[in-house]
Protein chains: 2
Amino acid sequence: MNAGVRSPTLHDVAREAGVSLATASRSLNGSARKVNDAYRERVQAAAARLGYTPNLSAQAVAKGSTMTVALVVGDISDPYFSSIAAGVIGAAEESGFIVTMAVTARDSERELALVRALRGQRPRVLILAGSRTSDEPSQQALVAELTAFESTGGRVVVISQHELPFDTVLLDNYGGARRLAAELVGLGYRRFAVISGVPSLLTSRDRVLGFLDGLAEHDLTVPADRIVHTEFTRDGGFAGAVELLEHGIDDVELVFAVNDVMAVGAMSALREAGRIPGESIAVAGFDDIPTVRDITPALTTVQIPLIDVGRHAVELALAPRTAGGTEIPVETTVVIRESTPARK
Amino acid sequence: MNAGVRSPTLHDVAREAGVSLATASRSLNGSARKVNDAYRERVQAAAARLGYTPNLSAQAVAKGSTMTVALVVGDISDPYFSSIAAGVIGAAEESGFIVTMAVTARDSERELALVRALRGQRPRVLILAGSRTSDEPSQQALVAELTAFESTGGRVVVISQHELPFDTVLLDNYGGARRLAAELVGLGYRRFAVISGVPSLLTSRDRVLGFLDGLAEHDLTVPADRIVHTEFTRDGGFAGAVELLEHGIDDVELVFAVNDVMAVGAMSALREAGRIPGESIAVAGFDDIPTVRDITPALTTVQIPLIDVGRHAVELALAPRTAGGTEIPVETTVVIRESTPARK
DNA sequence: CGCGTGTGGGAAAGCGCTTACCAAGGAGTG
DNA sequence: CACTCCTTGGTAAGCGCTTTCCCACACGCG
C-alpha cells in the first residue's frame, strides 16, 4: 500500500472510456462545449470506476487561474480571527473556492514574508485579517507586494481600517467605542481606565480614540497614567490590569479593554486583587466574541458580526473590481451586560 | 492596473538574466545540481528585479508532489478546533508546508465530500480533526477514499480515536474522564449528572464511559435519566442543562459536561435557574480550552494539550511511514478549579 | 600529447491538464 | 441535389515548471 501507484489521470480515464483526452476533459468539468450524453456518461462511469479526481494544480496551470482564497490572520486560536475565518471559509466554499491559511503571529515582517509566499499559489483572492499597524517600514513593502499581486489579476481585501489602497471591510472601531463611552456615561460612570494595545496598532488606536472622544463629549477625560499599553492578547489584558493596579486605581469605576480577550484577562487580574468585576469595579471590552456572554459577570462589549465580516470579505473579492477600492462598512453595536451595572 | 499583466515566469527571468531556463530553475530552488555563483547571482538579481515568484501549481505538476497539508476540522470557530489548527499551521509552516483548511460543520456526508475535493489538491498530508462518529454508513466510503489517497502516496492522520486504520494522534478521552471522576469522588462528590453529545460521537461516548467507569470504581452510578444527549456545542450544553433541570436535579451535586464549551453553556443555564455554579452546584468539563480558566468560577476540566496535538499530527505525517499505522498517545490531565470545590 | 574523468550549461521531454483549431458528418436551404 | 453552416470528436499546442540527457570544456595523469 505504501508504494507508488500514481493517481489516475485524465488520460487514464479517457483510455478507459475509449474517448479522446479532450472529450474526457469536456465531460468532467462544466466546459462550454457540449458533449454527447452517451459519451459523457461513459466518461463519468470510467472516472468513478478509476476513482479519478482532477489534479487541481494541473488545472490551475492549464487554465492560468486557481480557485483558491488565501487568508492571512494574526492568530487562528484567537476567537476574533477564528470567527472571521469561519465566515471566510463558509462563503468561499459556497462559491467553490478552497481556502489556504497562514498566520502572522502578529508580526509584520512575517506577514510580508507570508504574503510573498502566498503569491506563489496564485490565489484569486488574498484576504488580510491581520491587524494593521501604522508606522512599520515593512508596510511599504507590503503595499508594493499587494499592488503587484493586484496588477497580475489578483484581488486583495483587507479587513479593518482603510489604511491600504485596497478593497476593505471597514470595522467601525472608532464609532463603536465612542458609542460605548456614551452609554457608559449614561449608566453613571465617570472615572475610567483604559487597557490598550501597542500604540501603532490601528485597531487599538481607533478604539481608544473613539472611547476618549465619546467621553470628551461629556467633558470627561482619562488621565494619561490610566491608559496602559500592552499585548493584544488575554495575557496582555491581565498584565495591563496588574499595571493599573500598581498605579493605584482605587477610585476608578470602569476599566475599558480594547478587546474582549484582554478584558477577560483583566477581569481575572482584578478579581485576584480583590476588585470584583461587576461589583466593585466595572469592565467593558470590544468584539463580542462568543464566550463573553457566558462569563461572570457577562461582559459589556461592542459587537462586531465577525462571521459576516469574513463573508463580506469574500463577497467583496468576488464582486467585479471597481476603481479606487470599495469599502463595505460593518456596523458595530454596543451590548450592555452585567459587567457594567447602572450606578445608582 | 486592472488589466492582465501576467506574473513574470521563470522564462522571463531566464531571458532577463541571459541564461537558460534550466539554469534559472536550478539557481532559484535548492536543486541538487551546482550552478556557478556568478550565474546564480545574475539569476537571483533578475528574479528580484522582475518580482518573480515561482508558480507553486506549476512546480507541483512538474515535480508531481506538493507542499501542502490539508486540514479538515468540524468548526474552526470552536476553540477546540482552532487550537488544534494553530498547532498544525505552526508545525506545517516550520517545515515549509502551506495548509489548506475545510470545515465539515460536523456533518459526515460533508466530510466525505470535502475529503474527495481535497484530494484534488494532491496534498502530501491529510489531517482529519473532525470528531469521528461510529455508526455512520458514510464512514465506509470515507475509509475507502482515505485508503485510496494513501495508496497514491499521501499520508493520512486522524486525531482522536483509533477507529480508522491510519496514523493517529490518540487522545485519552476515556482515561482522562475516568481520572476526573476519581478526583471528584475524592473531593466528596457523590451524586452526578452528565451532559453528553449524541451517542454516535466517539469522543463523547468515550468520555461518558470513562466517567461512569471511574465512578463505578467507587460503587457510584448515574441514573439513566441524569444523562442527557445534546449537541456538542455551547448551545447544546445550555439545552442539556435545561433538560436536566426539567427532570429535577435538586439533589445533584455535580454536572459533568463532555466538553468545555458545553460546560460553559450549562453553567449559564444553571445560573439562570438559580443554581450557582461552584456554590450550589459543581460543574466540570473537558478539553481545557483557553477561556475556561478565566470564567467564574474557573472550570474544573481535563486538559488536552491542543496545540501539541496539532503539532504531533504533522510530525506523524512527516515521519517515515510505518506498517499498520503509528499512534501518538497524548496525555490528558485533570485540572481541578473553583467550579468543583471540595465538599466538607 | 592522448585519454579518461568530472563539472556544469543548455536543449528538450515531460508533468496533467485545457482549449484553440481542424475535420467529418448531419441538418437546413434553394 | 449541391452547397453552406452547425455540431461535436479529436489532434496538438500550450500552461510554467523540473529534470534527464547530451555535450563542451577543463583538468589530471601516464
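Atom set for the values below is all heavy atoms of this structure, side chains included, hydrogens, waters and symmetry mates excluded. Within every chain, numbering begins at 1; the chains are lettered A, B, ... in the order of the sequence lines, protein sequences first and strands thereafter.
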To the nearest angstrom, how far is [X] atom [atom1] from [N] atom [atom2]?
{"X": "A:D37", "N": "D:dT7", "atom1": "CG", "atom2": "P", "value": "15 Å"}
{"X": "A:Y39", "N": "D:dT7", "atom1": "OH", "atom2": "C1'", "value": "13 Å"}
{"X": "A:R42", "N": "D:dT8", "atom1": "CZ", "atom2": "C1'", "value": "14 Å"}

Rounded to the nearest 0.5 Å, what separation is found between the [atom1] atom of [X] and the [atom2] atom of [Y]?
{"X": "B:Q121", "Y": "A:T68", "atom1": "CD", "atom2": "OG1", "value": "8.5 Å"}
{"X": "A:D75", "Y": "A:D107", "atom1": "CG", "atom2": "CG", "value": "13.0 Å"}
{"X": "B:H312", "Y": "B:T168", "atom1": "NE2", "atom2": "OG1", "value": "13.5 Å"}

query = Looking at the side chain of B:T23, which of D:dG9, C:dG10, D:dT8 is the nearest nucleotide?
reply =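 For the B:T23 side chain, the nearest candidate turns out to be C:dG10.
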
Say whether, by atom type as modelled, one donor and one acceptor occur between the side chain of [X] and the main chain of [Y] under 3.5 angstrom.
{"X": "B:T66", "Y": "B:R122", "result": "yes"}
{"X": "B:R42", "Y": "B:A17", "result": "yes"}
{"X": "A:R321", "Y": "A:R155", "result": "no"}

Salt bridge B:R311-B:D308, side-chain N to carboxylate O under 4.0 Å = no

Tabulate atom names and distances for all N/O pairs under 3.5 angstrom spanning the protein and nucleotides 14-18 of chain D.
residue : atom : partner : partner atom : Å
D:dC15  : O2   : A:V61   : O            : 3.4
D:dC15  : O2   : A:A62   : N            : 3.3
D:dC17  : OP1  : B:Y52   : OH           : 3.1
D:dC17  : OP1  : B:N55   : N            : 3.4
D:dC17  : OP2  : B:L10   : N            : 2.6
D:dC17  : O5'  : B:Y52   : OH           : 3.2
D:dT18  : OP1  : B:N29   : ND2          : 3.2
D:dT18  : OP1  : B:Q59   : OE1          : 3.1
D:dT18  : OP2  : B:S25   : OG           : 2.4

Once you build an axis from the first five pairs and another from the last five of the helix from C:dC1-D:dG30 to C:dG30-D:dC1, how far apart in angle are they, to 10 degrees?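 Angle reported: 40°, given to the nearest ten degrees.
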
